[in-house]
Each structure stands twice: as C-alpha cells, then as structure tokens.
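Remember, it's a predicted structure, so these values are computed and weren't measured experimentally. Sequence positions, counted from 1, serve as the residue numbers for this chain. All values below were derived from every heavy atom in this structure, side-chain atoms included, with hydrogens, water molecules and symmetry-related copies excluded. As the structure lists them, so they are numbered: ligands from 1, and atoms in each ligand from 1.
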Amino acid sequence: MKRAYRILAVDDEDFNQELLQTLLEPKGYEVVTADDGKQALEILSEKNIDLILLDINMPVMNGYEVCLRVKEDPRTRHIPVIMITSLDSRESRLKGMEAGAEEFLQKPADQAELLLRVGNILRAAEYEDAFNYAIMALARAAEANDLDTGNHILRVGEFSALIAAELGQADKFVEDIRLQATLHDVGKVHIPSHILKKPGLLDAGEMEEMKKHPAFGAAIIGDHPQLAMGRDIALYHHEKYGGGYPAGLRGEDIPLAARIVTLADCYDALRNSRVYKPCYDHAGAYRIITEGDDRTRPADFDQAVLAVFKKKADRFEELYIKMTDQAAAQKRSA
Ligand SMILES: [Fe+2]
Ligand SMILES: [Fe+2]
C-alpha cells in the first residue's frame with residue numbers, strides 16, 4: 001500500500017499547528033510539526049517530507065530563510081513549499097517567490113482552498129517524480145549491457161549540473177541536465193555486448209559499430225519536448241569541440257548541454273577501470289583532461305567548460321568519492 005503523504009507544518013504558534021493537523025489528518029495526510037525554521041531543517045534532514053507548509057514570521061529563522069535553504073539543498077529542493085502568509089502584501093509574495101516557494105496562502109487560510117492546493121501540488125509533484133523515475137529506469141536499462149555501473153550515470157548527471165550552475169545557467173537548465181545527462185549512452189542497448197565488453201581496443205569495424213550509439217540514443221529518446229535536452233546530449237556527447245562523431249559539428253554548433261556532458265563523462269570514465277583500461281586517481285584524470293594524452297586533448301572540450309573543471313576540480317573529486325562510497329554501501333546492505 002502507498003504510504004500517506006507526509007506534510008511538514010512549520011509555525012511558531014501551537015494554535016496554527018493544531019489547526020493544520022485537524023484539517024489535514026482526517027484527509028489521510030501525516031502531519032509533522034516544527035516550531036521554527038531551525039527545527040524544520042532538522043526534521044528535513046531526518047525524515048522524508050512530501051510538502052512543506054511554511055509560516056513566514058517565526059523566531060530563530062524566518063520562512064524565507066528556511067525556503068532558501070530547502071531550495072539550495074539538492075536533497076530537499078524537490079519538496080514543494082506553500083508559504084502561509086499573514087503579511088498581505090505583494091512584497092512578501094515576491095520575496096517568497098524569490099526564495100523558491102511554489103505556492104502562497106493567506107492566513108487565516110481558507111480550509112477548502114488549503115486542501116485543494118495541497119492536493120494539487122502533491123499530485124503535480126508525484127507526476128514529476130514518476131517522470132524522473134522513468135528516465136532513470138530507462139538510463140539504467142541501457143547500462144545492463146554495459147560495464148558502467150548505476151552510479152556512473154548519476155555522477156555524470158551531478159558533474160554536469162555542477163558545470164552548468166558554474167556557467168551561470170538557469171536553475172531549470174541545471175535540473176534538466178542533472179536528470180537528462182543520465183541518458184547520454186542509452187543508445188548502447190543496440191550495441192552488441194561483445195563490443196561493449198571487449199578487453200582491449202576495438203578494431204575498425206567494431207569502432208564503426210560503436211559510433212552508432214549516439215544516433216541510436218537519439219532515436220530511442222525521440223522528439224518529446226520535455227526530453228529535447230536529453231536527445232541533444234545522447235546525439236552529440238561525442239562531438240568533442242570539433243572532430244568528433246557522428247555529425248562532426250564544431251564549437252558552439254554543438255548544443256551546450258552536450259559540450260558539458262562530454263567533459264563530465266570523460267572525467268568519470270577516466271576514474272573508473274574497464275577491461276580495456278586501468279583507472280586513474282583524481283590527479284591522473286585531471287592531468288589527462290587539462291594536458292591531454294593519446295586519446296584525449298584539452299582542445300576536445302569547450303574552453304569555458306574546461307575552465308570550470310579546473311576551478312572546481314576539488315568538487316569533482318569530492319562528488320566522485322561521495323557518490324562511489326554510497327554505491328558501495330548500498331551494495332553491501334542489499
Ligand atoms: Fe557515449
Ligand atoms: Fe558515459
């Protein structure tokens with residue numbers, strides 16, 4: 001059975017907390033309460049929360065601040081926030097929107113309206129969640145045939161999001177690339193596994209076969225508008241900055257998302273061992289990307305993307321370690 005949605009009600013007044021509880025609990029929601037912003041953040045770090053109802057004026061940490069923190073943290077930013085404001089002004093709404101709140105309700109909240117908003121926002125979040133889940137499932141299915149592990153695609157997504165954010169891309173772009181970069185090699189489902197798993201270098205014929213995976217990937221993803229970025233990434237992540245395949249595009253003719261993923265994928269591939277190659281530590285991977293070797297040249301990358309990599313190299317190393325340990329721990333506990 002599906003578990004009840006868990007709503008975090010943050011309000012410094014007991015009376016308001018009780019009001020929300022008596023309204024929401026009979027409708028099957030689980031309500032967790034917090035008296036101030038600091039307590040809310042503590043609860044968020046311990047429990048899975050599906051929705052936050054957030055008061056603005058509170059001691060210790062106000063609602064705007066809580067909302068900002070929630071939206072900054074990759075672990076909580078997907079949780080929708082409804083701000084409940086007694087400050088009936090345009091300014092407080094704008095501040096709330098800037099902090100990333102999805103919805104606003106005026107205090108005292110109209111009960112029917114509150115229930116409708118809560119229901120709608122949870123349903124929308126559920127669809128988004130299911131969409132993200134399906135993308136990940138597709139990406140994982142394609143890996144079954146390959147030597148990469150589940151966390152390769154997750155790390156490539158995370159590195160790509162890091163680069164995009166550093167390049168000053170909008171939040172939407174950053175979130176999209178985090179998810180859709182995982183599809184970069186989805187076309188490999190069509191490549192025979194004796195090629196994917198071959199120890200040693202591929203011969204010319206095998207290489208030709210391998211070079212078809214970007215077009216296969218684009219065909220699998222198709223032309224859904226929500227997945228346009230994923231399609232670009234799958235199709236163009238081997239274009240390099242010129243001289244790659246399949247289209248032989250150059251420079252900025254290659255979509256930015258693909259230019260970003262090229263570097264993210266390269267770093268992660270260098271860190272992992274394969275039957276045909278050893279793995280490198282961070283310093284080794286850094287050296288190859290920034291100085292080149294017989295397979296990789298710094299000129300293969302968008303120079304702005306490369307500059308971000310150099311600047312944020314420590315962060316790449318941290319993320320790699322964190323996301324690899326997690327995978328190992330999950331395997332052990334499975
Ligand atoms: Fe690829
Ligand atoms: Fe990859």
No-hydrogen, no-angle side-chain donor-acceptor test under 3.5 Å, Tyr320 and Asn272: yes

Main-chain N/O of Glu18 paired to Thr22 side chain as donor or acceptor, under 3.5 Å: yes

Side-chain touch Arg77/Glu72, heavy atoms, less than 4.5 angstrom: no

Under 3.5 Å donor-acceptor pairs involving side-chain atoms of residues 24-35, not counting sequence neighbours:
| residue | atom | partner | partner atom | Å |
| --- | --- | --- | --- | --- |
| Glu30 | OE1 | Arg6 | NE | 3.4 |
| Glu30 | OE2 | Arg6 | NE | 3.1 |
| Asp35 | OD1 | Gln17 | NE2 | 2.8 |

Is the distance between the ring centroids of His184 and His152 less than 6.0 Å? yes

Do Asp129 and His78 have a side chain donor and acceptor closer than 3.5 Å? no

The Fe ion (ligand 1): which protein N, O or S atoms are under 2.8 Å away? Asp185 OD1, His213 NE2, His237 NE2, His238 NE2

